[in-house]
Amino acid sequence: MTLRDLLQRDRDRRTALVTGQVTPEAGRCVQCGICTYYCPINIDVRRHAWLGQPVQESHCLTCGECIARCPRGVLRFERIELFVP
Amino acid sequence: MPTRYCIVGQGVAGIAAAQAIRAADAAGPITLISDDPHGYYSRPGLAYYLTGEIQRGHLFPWREQEFQQLGLHRVLGRAISLNPAEHRLWLANNVPLVYDRLLLATGASAVRPTLPGSDLPQVIKLDNLADADQMLALARRAQSAVVVGGGITALEIVEGLRQHCRRVHYLLRGQRYWSNVLDEAEARLVMQRLAAEGVRIHTHSELAAIEAKRGRVAAVLTTAGQRIACDLVAIAIGVAPRAELAQAAGLAVARGILVDETLRTSDPDIFAAGDVAQVFDPRAGKALLDTLWNSARSHGHTAGQNMAGGALRYVKPMPLNVTRLAGITTTIIGAVGAGRDADLIGIARGDSELWRELGQALVAEEEHEVNRLRLLVGLTTLVGAVLMGDQRLSRPLQRLIGEQIDITPIRSQLLTPDAPLASLLTRFAEGVR
Ligand SMILES: Cc1cc2nc3c(=O)[nH]c(=O)nc-3n(C[C@H](O)[C@H](O)[C@H](O)COP(=O)(O)OP(=O)(O)OC[C@H]3O[C@@H](n4cnc5c(N)ncnc54)[C@H](O)[C@@H]3O)c2cc1C
Ligand code: SF4
Ligand code: SF4
């Protein structure tokens, strides 16, 4: 198995399945830019991670690409409570 | 008159300080000095640039507009001397800068070896973007590379070079990799992965000299008499805080610049933050160094607020790194090891001295084919952990160890042989939300 395969496997393992908004934990982020680079619609996810703010952009596809690619476990989907009682 | 702020260093500590100053003081002029022509970029991201996972342009988190919004006056140049009594700082062009509050956020730089041949142009380190560019340029033309050193950076270099060179040799002075942070099984996992990847690991091998042919690196010689032909040699034997400026100015310096919990140095108007600052750690009872991105950011934030008149005390978080060791994602948190590592002089990058401050603790381990967890169990809390592979426990561990949560209810279960540690911890962490 090559290093690339290993990295791919590592990434697959992190692929998130839940739907919600992408939420960062700023303290883990090293601003490497991988998340922004791989976002298919060019959302600056890294900026959200710096600010510790969830990606609340309406056009986010919730595709999970940024979450799966981040090598540091900074990002995760957090469920959005649509119906607050 | 507005307060004049001066920051030496445009790394994450300097940037975080500038942001904090501006949030507290809208008017004071801020001068940001750096001797790196590339300015502010993600230093940990250099590892992903080497493997080709990101492109060069993506290393820069800020656009010009963000610097302008903070009203920063950026200066490219090296600060060469400092007179605290006169509140003056001199740059290499001999122009003095007058400050009211100064921050030294000068980072750390790689320790250079003093062996014969170590000043050849193909003997390289990985401190900054220029080094990474040079490493890539050389690696693309090289057949064979030798890496010497330890810690995370050495492996990042090995992995990066492996993407470009046919043969990568990794020299270890002892029996195994990173002996004062990883245990034997963890080091074995890393070394097996490297070997499977085609990296040639030479244990008990110490660099004696670097041989040149027509002014270029041709081979390394080890103290055991081995000769390994190569086109480049990458060295990662540790880093040292860039504290020369502070030292020459008479500030209190030990391994780094000594600061109190407000990040103030021995001079009341000078602060230090980031890799260069040696900060008192209440857990260890002494001042320690960290070379972690997030520690540098929090130092910078605290120092910036206090430079602008605040009285914020820095609370050192439990040092944490989530990194990749030979392709295996690994979380290291708290105190996990002790002693010296023969491959490193002092501290490496992405590292914390606290990780080696392991006192009395019992070990609990769980190992599967590719996943491994080692817990360091104290009397009432977890003191540290190393988690390799599956990272689902990374955040729960960060909380249990970082917040020093009382684990008495599960302590004896954790210490039972063959205990299912991961599920015990997951359930426990969910219960103490
Ligand atoms: C390859 C690599 C991998 C890393 N991996 C990790 C990791 O996995 N996890 C992690 O948490 N951290 C990692 N780090 C460490 C992290 O990048 C540092 O802890 C962080 O960058 C420190 O920030 P700083 O602002 O203190 O210093 P730096 O980022 O080093 O910035 C220092 C600044 O000071 C300037 N400077 C210094 N002296 C002078 C002078 N005399 N005059 C003018 N300017 C000066 C420099 O030009 C630079 O702008 C890694 C670093 C590297 C290089
Ligand atoms: S990929 Fe992860 S670590 Fe890198 S910038 Fe994005 S959130 Fe931060
Ligand atoms: S979930 Fe997809 S679309 Fe949304 S920010 Fe992440 S990568 Fe971009």
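In the text below, chain A, chain B and the rest are named by the order of the sequence lines, each starting its count at 1. Just so you know, these numbers use all the heavy atoms, side chains as well, and skip hydrogens, waters and symmetry mates. All of these numbers come straight from a predicted model, not from anything done at the bench.
Within a 6.0 Å sphere centred on CZ of Arg392(B), heavy atoms belonging to other residues, nucleotides or ligands number 12 at most.
For residues 30-37 of chain A, a heavy-atom distance under 4.5 Å to chain B picks out Val30(A), Gln31(A), Cys32(A), Gly33(A), Ile34(A), Tyr37(A), given by residue number. Residue-level contacts of residues 46-57 of chain A with chain B, in order of numbering, are Arg46(A), Arg47(A), Trp50(A); threshold 4.5 Å between heavy atoms.
With contacts defined as side-chain heavy-atom distances shorter than 4.5 Å, the pair Arg72(A)/Asn321(B) qualifies.
For Cys29(A) against Trp293(B), the heavy-atom pair with the smallest separation is O-CD1, 3.2 Å.
Using a 4.5 Å cut-off between heavy atoms, Phe60(B) touches chain A through its backbone atoms (N, CA, C, O) alone. The part of Gln398(B) that comes within reach of chain A is its side chain, from C-beta onward, which places non-hydrogen atoms under 4.5 angstrom from that chain. For a residue to count as touching a neighbouring chain, one of its non-hydrogen atoms must lie under 4.5 Å from one of that chain's; by this rule Ile54(B) touches chain A with backbone and side chain alike.
To the nearest 0.5 Å, atoms CZ (Arg395(B)) and CZ (Arg28(A)) are separated by 5.5 Å.
Between chain A and the options Gly57(B), Gly45(B), Pro61(B), Pro44(B), the largest number of non-hydrogen pairs under 4.5 Å is found for Pro61(B).
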